[in-house]
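Order of appearance sets the numbers: ligands from 1, and atoms from 1 within every ligand. All values below were derived from every heavy atom in this structure, side-chain atoms included, with hydrogens, water molecules and symmetry-related copies excluded. For this chain, numbers begin at 1 and follow the sequence in order.
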Amino acid sequence: MDKKVTRSTSIDLDKYRLRTFVKRLVDMGEMEVVNEAVPLTKMSEMIEGRKDKALLFKKAGPQGHEVAAKVMGSRKRLAAAIGVSEDKAFDELLRRTAQPGEVVEIPSNEAPVHEVVLTGDDIDLTRLPFHPQHEFDGSCYISAGIDYTIDPATGRSNVGSRRLSLRNKTETGTNITAPSDLKRIYTACVARGEKLPVTFTIASHPLDMFAATTRKPGEELQLISSLRGEPAAVVRSITNNIMVPADAEVILEGYFCQEGYVEPEGPYGEYMGYYGAIHMDPIFKCTAITMRKDAMFQTLLHGSAFDLDQSDANVMSCLRTEAEAMKILKAAIPEPLDVYLIETGGGSNTLRVKIKQRRPGDARFAISSLFGGIMRLKHVFVFDEDIDIRDQKQVEWAMGTRFQADTDMIILQGMMGMTMDPSLQGRRTGAKAGFDCTRPLGKDGQIPFTRCAAKVYSGAPAKFKSVEEALQAGPKYYSQVVEGLGSQDGREIAMGLDELRQKGKLGRDRDGRYHFVSDGKPGTTKIVGELYHDPNHGA
Ligand SMILES: Cc1cc2nc3c(=O)[nH]c(=O)nc-3n(C[C@H](O)[C@H](O)[C@H](O)COP(=O)(O)O)c2cc1C
């Protein structure tokens, strides 16, 4: 049934619809539009294969659905969804998550997602673009579902994201195995012999998915507007009492059956790049499909092991973990500078941190605080302020030159791990490792701890007339003498230094600076102070 829609709310009901964001991605050159008809079996191969872009299928499957894929599959796209530059993304997320959110209920006849309503015999899930994804998956999937429920015990709303696997016209499998609020709410329902009403949106703005995968005590529906940064219009579902964003593209209303974990679901290609095993799960029964007249569908890249940097769930999880990590670090140490989660590490588990060391132990305290606060972290690397933690070359250099496995590694055993981590081999707890790749504190300026790079000469006019005058003004490195004399050559400076040496007026300190001395031995360089003790030299 198509409904006529009149609107009285002042909330813009198109601003946060998926189609508007997709248009933005196309304008940004971030999305490739696939105009030709594509069979459902071809979609995942194409999504995985197109490494640098999101995809918009204009004619997916025999029904010719429009399906947007990977809209959150890069940091650039996610930053665009938040509306800030990439470097501001996690700070902005932190700010928004902390804000209270306001939702405004609008009537069904004003809700774009109620423009088309299918109930009873008109419900046919097999006409929706559930599509085959990973090689050993148990069925075809809609992987971009956001579930809205109300905990009957508390009356509070809960929002999460759960996949849906097609079973028949009115049923899907779903996965409520990992610990979650939904699992707690649902298992309590089953214990009482009750079904749990649920409404899924299956094509939404990335910020809604972000809200869905953010866990918060209390009301979670409001997180949608917190993340959007403005009030969100919600509408009451037609066949249950659940409120959902009125500007979604497509909705599946229904319930999780009261029988509990009765049917096998999976395997499914999971966020760590391995399959989640088959397990017993509840059945979702659909009681209504509602949608916009021009509804767009959505799918994600989920578990492609070597492409996790373009997996929607991973990119989102990286950003969220970075935001949480920065919050923890700000409370723990005086000067955290940056955090970067490696998208390809398999499940947001490998974090790089950049700090300015202020106190002995800052790096270790950062590591232990992070492991104390974020369960999914498994490996944390800490670097100094001179390392760009997004640059693999710099990170490897610091790891190779500032880290000693016997003194700079922290291993915590018996720590709660992620159940999906295959290296745990089924255990619930495992090890966490922290790598302190910082320089020893208090050695700044010492030449053996100083990073080498070419000297960039300023080309400024000479400040001194002679090498002697330059050194009388204070000790200097060779390059400072070259620069101080405005030389564009350097060889005459070596000769000038030698002249002083021959007169017994040249000294050098342990860091290699040249000094003007009055008590040297002609023909030799006086050592000023003591050289660094280096047992390897002269051995
Ligand atoms: C794309 C995507 C799909 C997800 N699918 C599932 C799923 O099928 N089952 C599950 O338990 N968690 C899944 N998650 C993780 C949960 O959505 C996440 O843990 C959420 O915070 C749980 O919310 P809740 O604790 O409020 O119920 C998924 C996350 C994403 C981003």
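Within 4.0 Å of ligand 1, protein heavy atoms belong to S143, N158, V159, G160, S161, R162, R163, N175, S180, D181, L182, A212, T213, R215, E220, L300, H302, A313, M316, listed by chain and number.
In summary, the side chains of S226 and Q99 do not present any donor paired with an acceptor at a separation below 3.5 Å, with no hydrogens or angles considered.
For the ring-ring contact (aromatic ring centres under 6.0 Å, His included) test, no residue two or more places apart in sequence or in another chain qualifies with F383. For the side-chain contact (heavy atoms from CB on, under 4.5 Å) test, no residue two or more places apart in sequence or in another chain qualifies with D121. Take I278 and apply the side-chain contact (heavy atoms from CB on, under 4.5 Å) test, not counting sequence neighbours, and it matches P264, P267.
We find that R127 and D124 are not joined by a salt bridge, their nearest charged nitrogen and carboxylate oxygen being 4.0 Å or further apart.
No cation-pi contact links K285 to Y255, judged by a cut-off of 6.0 Å to the six-membered ring centre and 45° from its axis.
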